[in-house]
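Values in this document were obtained by computation on a predicted structure and should not be read as measured data. Index from 1, following the sequence.
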Amino acid sequence: MRTAEIKRTTAETDISLRLVLEGTGKGNCATGCGFLDHMLVLFARHGRFDLELTCTGDTYVDYHHTVEDVGICLGDAFRQALGDKRGVCRYGQSLLPMDETLILAAADLSGRGGYYGQVEIPTQKVGDFDTELFEEFWIAFARQAQLTLHLQKMAGANSHHIMEGAFKAAARCLRTAVAIDPEFAGEIPSTKGVL
């Protein structure tokens, strides 16, 4: 089983996280930000990852540090759990509908961290969550996980649906990318011999 445990403490956040890539989709997340918890539980469920996460952050300021640092820690966990990436499928993609929303997600476990998003969110807030933090989360995650992630909104009008669809689509494409390809289980999926 590919797992990782992360503990990260700064002046702004204190985070403990446990990730199991071959999980059953159980998400238990308590970040102090209800919307982020909702997105992370969906991410675990649709990726079939097990995710245990607690974060105490300076939410009296706003949710920025909490959201970004959770993205960093989740990215670290993916990178650690994947190890040398021997045998992984490497690439994943998902086209996910959610009511009026349609999201395209694609990932490459390339070793080069980058988030490339075209996800316009029509409102500045969903509840008390600043929607600009959606991008901050994925930038932090992709950098730390050292993977390439594309998210594109093909259609959508409801801000909640757009972000939820994106988390689900990302989870689905990552589920495929991290899966072990039985035909190449002992190989690094790159002509360089390293990812």
Side-chain angles (χ1 to χ4, degrees), residues 4 6 8 12-21 23-78 92 94-105 107 115 117-142 144-145 149-175 178:
I6 304 294
R8 183 175 190 267
E12 298 165 342
T13 59
D14 185 3
I15 297 173
S16 294
L17 183 154
R18 183 172 190 274
L19 173 71
V20 180
L21 293 182
T24 60
K26 293 180 187 172
N28 186 5
C29 303
T31 66
C33 174
F35 186 80
L36 180 60
D37 293 345
H38 178 43
M39 295 299 106
L40 293 168
V41 168
L42 291 167
F43 179 82
R45 176 70 173 173
H46 287 268
R48 298 293 287 170
F49 311 124
D50 287 345
L51 178 61
E52 295 281 335
L53 169 65
T54 59
C55 173
T56 304
D58 58 356
T59 55
Y60 61 89
V61 176
D62 64 11
Y63 292 134
H64 186 106
H65 299 141
T66 292
V67 172
E68 184 176 31
D69 288 3
V70 166
I72 288 170
C73 289
L74 187 59
D76 274 341
F78 265 82
S94 177
L95 185 61
L96 190 133
M98 182 173 175
D99 296 342
E100 88 296 346
T101 296
L102 184 64
I103 303 289
L104 171 68
Y115 169 68
Q118 295 179 9
V119 183
E120 181 185 341
I121 303 169
T123 63
Q124 291 184 336
K125 284 190 176 285
V126 169
D128 61 355
F129 183 83
D130 294 315
T131 57
E132 69 182 4
L133 298 179
F134 169 88
E135 186 171 75
E136 294 298 325
F137 174 88
W138 290 115
I139 290 170
F141 171 79
Q144 290 302 120
L149 178 65
H150 287 260
L151 292 175
Q152 186 169 355
K153 181 181 82 171
M154 310 300 289
N158 180 287
S159 296
H160 189 128
H161 291 172
I162 292 164
M163 289 186 285
E164 182 171 334
F167 269 83
K168 288 176 177 177
R172 290 274 172 164
C173 82
L174 287 169
R175 176 181 174 185
V178 305

How long is the gap from [atom1] on [X] to [atom2] on [Y], to the nearest 0.5 Å?
{"X": "L174", "Y": "L21", "atom1": "CG", "atom2": "CG", "result": "9.5 Å"}
{"X": "R48", "Y": "R172", "atom1": "CZ", "atom2": "CZ", "result": "9.0 Å"}
{"X": "D14", "Y": "R8", "atom1": "CG", "atom2": "CZ", "result": "10.5 Å"}
{"X": "L96", "Y": "L102", "atom1": "CG", "atom2": "CG", "result": "8.0 Å"}
{"X": "F129", "Y": "H38", "atom1": "CZ", "atom2": "NE2", "result": "11.5 Å"}
{"X": "K153", "Y": "L104", "atom1": "NZ", "atom2": "CG", "result": "13.5 Å"}

How close do [X] and [Y] get, heavy atom to heavy atom, and via which atoms?
{"X": "G57", "Y": "T66", "result": "CA-OG1, 3.7 Å"}
{"X": "S94", "Y": "A169", "result": "CB-O, 3.6 Å"}
{"X": "A157", "Y": "T101", "result": "N-OG1, 4.3 Å"}
{"X": "I103", "Y": "G165", "result": "CG1-C, 3.8 Å"}
{"X": "L17", "Y": "A77", "result": "CD2-CB, 3.5 Å"}
{"X": "L149", "Y": "A107", "result": "CD1-CB, 4.2 Å"}

Taking the side chain as every heavy atom from C-beta outward, state whether [X] and [Y] have any pair of such atoms under 4.5 Å apart.
{"X": "D130", "Y": "K125", "result": "yes"}
{"X": "L74", "Y": "L40", "result": "yes"}
{"X": "M163", "Y": "T131", "result": "yes"}
{"X": "H64", "Y": "E12", "result": "no"}
{"X": "C29", "Y": "L36", "result": "no"}
{"X": "V119", "Y": "F134", "result": "yes"}
{"X": "C33", "Y": "T59", "result": "no"}

*Pick from I6, T54, V70: which one makes a side-chain contact (heavy atoms from CB on, under 4.5 Å) with I15?*
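For I15, the side-chain contact (heavy atoms from CB on, under 4.5 Å) test succeeds with only one of I6, T54, V70, which is V70.
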*asked:* Is it the case that over 12 heavy atoms from other parts of the model lie below 6.0 angstrom from the CZ atom of R45?
replied: no
*Considering residues, nucleotides and ligands other than K26, do more than 12 of their heavy atoms fall under 6.0 Å from its NZ?*
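No, NZ of K26 has 12 or fewer neighbouring heavy atoms, counting only those of other groups under 6.0 Å.
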Please work out whether the ring planes of [X] and [Y] are parallel, tilted or perpendicular, with thresholds of 30° and 60°.
{"X": "F43", "Y": "F49", "result": "tilted"}
{"X": "H160", "Y": "F35", "result": "perpendicular"}
{"X": "F167", "Y": "F137", "result": "tilted"}

Any donor-acceptor pair under 3.5 Å from [X] side chain to [Y] backbone:
{"X": "N158", "Y": "H161", "result": "yes"}
{"X": "S159", "Y": "V126", "result": "no"}
{"X": "D50", "Y": "T24", "result": "yes"}

*Do the side-chain N and O atoms of T31 and D37 include a donor-acceptor pair separated by under 3.5 angstrom?*
yes
